[in-house]
Amino acid sequence: MSNITHTVLVVDDQPGIRRLLMEVLTEEGYVVHTAANGYEGLQKVKEVNPALILMDMKMPGMDGIETLRELKRLNQANKVIMMTAYGELELVNTAKELGAYAYITKPFDIIDLCSMISTLIFGSGKECELKIG
């Protein structure tokens with residue numbers, strides 16, 4: 001990993017997921033910010049300009065797909081890894097069409113997720129599809 005610190009934004013309505021990802025990714029050397037919904041996530045994107053966004057698809061209020069549409073408008077969609085507990089093919093396809101980098105299915109293997117994050121931030125940036133769990 002380089003000496004440059006990269007910022008990761010976690011957008012999920014489940015406090016346990018936000019806390020887990022904050023602890024693990026901070027340990028991996030990232031600066032981590034969290035948001036509990038899409039509205040808060042969009043505000044944080046403008047404030048911290050994250051290198052990567054981990055975002056839940058299903059959230060109350062503005063869900064992950066709506067938030068991804070706004071991120072696409074802001075040219076930020078290609079840095080998003082969508083997280084879903086449902087593995088719904090239609091939502092996954094919509095996320096891909098909107099430019100999401102990848103998606104993972106909860107529950108996920110945290111080591112595989114860290115590898116995916118590292119690839120997106122430091123690697124070739126090629127699209128990858130990874131179903132974990």
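Heavy atoms only: backbone and side chains are in, while hydrogens, waters and symmetry mates are out. It should be emphasised that the depicted structure is a prediction, and the values quoted were computed from it without experimental measurement.
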Q) How long is the span from the OG1 atom in T119 to the OH atom in Y101, to the nearest 0.5 Å? A) 5.5 Å

Q) Nearest heavy-atom pair of C114 and V24: which atoms, and what distance? A) SG-CG1, 3.7 Å

Q) Got a sec, which pairs hit side-chain hydrogen bond (donor to acceptor under 3.5 Å, both in side chains) with one end in residues 33-43, sequence neighbours left out? A) Q43-E47

**Q.** 4.5 Å side-chain heavy-atom contact, I53 and V11
**A.** yes

Q: Taking side chain to side chain contact (heavy atoms under 4.5 Å, CB included) as the test, write out the residues that go with N78, two or more places apart.
A: none

Q. Looking at side-chain heavy atoms only, is the closest gap between D56 and I17 below 4.5 Å?
A. no

Q) Taking all atoms of both residues into account, what is the closest heavy-atom pair of D13 and P60, and its distance? A) OD2-CD, 3.4 Å

(Q) Return the CG to NZ distance between L120 and K79, rounded to the nearest 0.5 Å. (A) 9.5 Å

Q | Option among V92, L68, D63 that satisfies the side chain to side chain contact (heavy atoms under 4.5 Å, CB included) test with M57 | A | V92

Q.
Quick check for you: to the nearest 0.5 Å, what is the distance between Y103 atom OH and T84 atom OG1?
A. 9.5 Å

Q: For residues M116 and I104, report the shortest heavy-atom separation together with the two atoms involved.
A: CE-CG2, 3.6 Å

Q | Side chain to side chain, L9 and L54, heavy atoms closer than 4.5 Å | A | no

Q. Is there a path of hydrophobic side-chain contacts, each under 4.5 Å between heavy atoms of I, L, V, M, F, W or Y residues, that connects L20 with L25?
A. yes

(Q) Can you give me the closest heavy-atom contact between M82 and A100, atom names plus distance? (A) CG-CB, 3.9 Å

Q | For A35 against K44, the heavy-atom pair lying closest together | A | CB-CG, 4.3 Å

Q: Please tell me if the side chains of L74 and K46 come closer than 4.5 Å, counting only heavy atoms from C-beta onward.
A: yes

Q.
Quick check on side chain to side chain contact (heavy atoms under 4.5 Å, CB included): which of M22, H6, E27, E23 does V32 satisfy it with?
A. M22

Q. Between R73 and E70, is a salt bridge (charged side-chain N to carboxylate O under 4.0 Å, His left out) present by the stated rule, with each step listed?
A. CA-CA 5 Å; R73 195 179 61 76; E70 280 301 306; 2.9 Å; yes

Q: Over all heavy atoms of both residues, which pair between E66 and G61 is shortest? Give the atoms and the distance, please.
A: OE2-O, 3.7 Å

Q. Between atom CG of L52 and atom OG of S118, what is the distance when rounded to the nearest 0.5 Å?
A. 10.5 Å

Q. Would V8 end up clustered with V48 when hydrophobic side chains under 4.5 Å apart are linked, directly or stepwise?
A. no

Q. If you group Ile, Leu, Val, Met, Phe, Trp and Tyr by side-chain heavy-atom gaps below 4.5 Å, do F122 and I81 land in one group?
A. yes

Q.
Which residue is it: R19, K58, R18, K106? I am looking for the one with a salt bridge (charged side-chain N to carboxylate O under 4.0 Å, His left out) to D12.
A. K106

Q. Do T67 and L42 come within less than 4.5 Å of each other through their side chains, counting heavy atoms only?
A. yes

Q: Check whether any side-chain heavy atom of I110 lies under 4.5 Å from a side-chain heavy atom of L21, and answer yes or no.
A: yes

Q: Take T94 and R69, measure what side chain to side chain contact (heavy atoms under 4.5 Å, CB included) needs, and give me the verdict at the end.
A: CA-CA 10 Å; T94 300; R69 281 194 177 96; 4.1 Å; yes

